[in-house]
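Side chains are part of it too, since the values below use all heavy atoms of this structure and drop only hydrogens, waters and symmetry mates. Remember, it's a predicted structure, so these values are computed and weren't measured experimentally. Residue numbers run from 1 in the order of the sequence given. Atoms within a ligand are numbered from 1 in the order they appear, just like the ligands themselves.
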Amino acid sequence: MLYFSHRACLEHDPGQGLPGHPERPERLRAIEAALAERDWLGWERREAPAAREEELLLVHPREHVEAIRELCRSGGGAIDVDTFAGAASYEAALRSAGGACAMTRALLGGETQVGFSAGRPPGHHAEPSRAMGFCLFDNVAVAAALAIAELGVERVFILDWDVHHGNGTAEIFRHRNDVLFASIHQGGIFPGSGAREDAGSGPGEGFTINLPVPAGSEEGLWLSLLEREVLPVAARFEPQLVLISAGFDAHRDDPLAECRLEAASFGRMASLVRAAADGWGAPVGAVLEGGYALEALAESVVATMTALAAEP
Ligand SMILES: [Zn+2]
C-alpha cells in the first residue's frame, strides 16, 4: 500500500488571503499525525513528485496553467470568494496533482493494489479553465486522463464521495465514454450542479452518475446508493482503474455540509469499492478532496486506508 504526499502541500495556505479559511494546512497535519500514531497502518510513504506540465495539459488548457503559475509567481491572491493561491501554492498544486499521477503509475505498474494521495489543494471543483471551490487543478482528473493517455488503460471509474458535487471532474469528462464518473453529494449546496438528470452529454451520455442526497442523509442511504446504483453500473463498465475523489465532508461533524456519516462509514464505502474492484481486477487509488473537521477528517482517512488495505 502506497501513500503519497509532500511537505510543499503544507505551504499552501488560503487563510493568508481569506482569513479563517477551512481548507487549511492543519488538515494534512491532522491526517498525518493520526497515521503516524498508528505506524502509518503499515503503508509505505512516498514523496509526491511535481506534476509535469504535459500532465496538467491533459485536462487543462495552457492558459489556465499559466494563469495559476503567474498568479503565484506574482505573490498570489484570491481568485474568488473562497479560492486562493499564494506564492507557495503553485508548488503545492503541482505536488497535489503529481501525487495522484505517481499513485496511478504505481497502481497500473503493478506495484500495489491500493494507494492514497494526500495532497492539498484539493481538485474536484477545478474546471478546465477555472479554479474554484478551493481547487486549482483537478488532481483526480489529471490522474485519470494520464492513465488513459499514457498508461495503457481504456476505462477509468471515478467515484466522488465528497459531500459536494465534483463539478470540475464532471465537466472534464462530460463528453467522454472512457471515464465513468459517479458522484454522491448533498443537493442544494455548493457548487449547485450535479442534478440526477445530468447523465453526461453526447458520446458521454450515460457515463455520468449524479446522486444528490438531502441534508441529514445518513450512512444507510449513502451505502445503498453506492451498492445498488453506482457499483452495478461500474461493473458493466468493467473499469481497469478505480479512483476515489475522497472528500470526508459528509461526516456529521463537518462544518460545511449537513450529512451524517461517521468515520466508519467511509471505511464501509471503501470496503465495498475494494471488494468490487478486486472482482474487476482493477487497483484502487484514493485522492484527498475535502473534509474540514480535523479530528473527523483524520479518523475518516484512517478508516478509509484501513478498509482499502484489508483483503476483502
Ligand atoms: Zn467538499
Quiz item: Can you tell me the N, O or S atom of Asp162 that's nearest the Zn ion (ligand 1)?
Solution: OD1

Exercise. Kindly say whether the aromatic ring centers of His60 and Phe137 come within a distance under 6.0 Å.
Key: yes

Quiz item: Testing Glu289, His6, Glu23 for side chain to side chain donor-acceptor pair (under 3.5 Å) with Arg120, which one passes?
Solution: Glu23

Quiz item: Of all N/O/S atoms in Asp249, which lies nearest to the Zn ion (ligand 1)?
Solution: OD2

Quiz item: Backbone or side chain, does His164 get an N/O/S atom under 2.8 Å to the Zn ion (ligand 1)?
Solution: yes

Quiz item: Near the Zn ion (ligand 1), is there an N/O/S atom from Glu289 that is less than 2.8 Å away?
Solution: no

Self-check item: Phe84-His12 aromatic ring centre distance below 6.0 Å
Solution: no

Quiz item: Is a side-chain donor-acceptor pair under 3.5 Å present for His124 with Thr169?
Solution: no

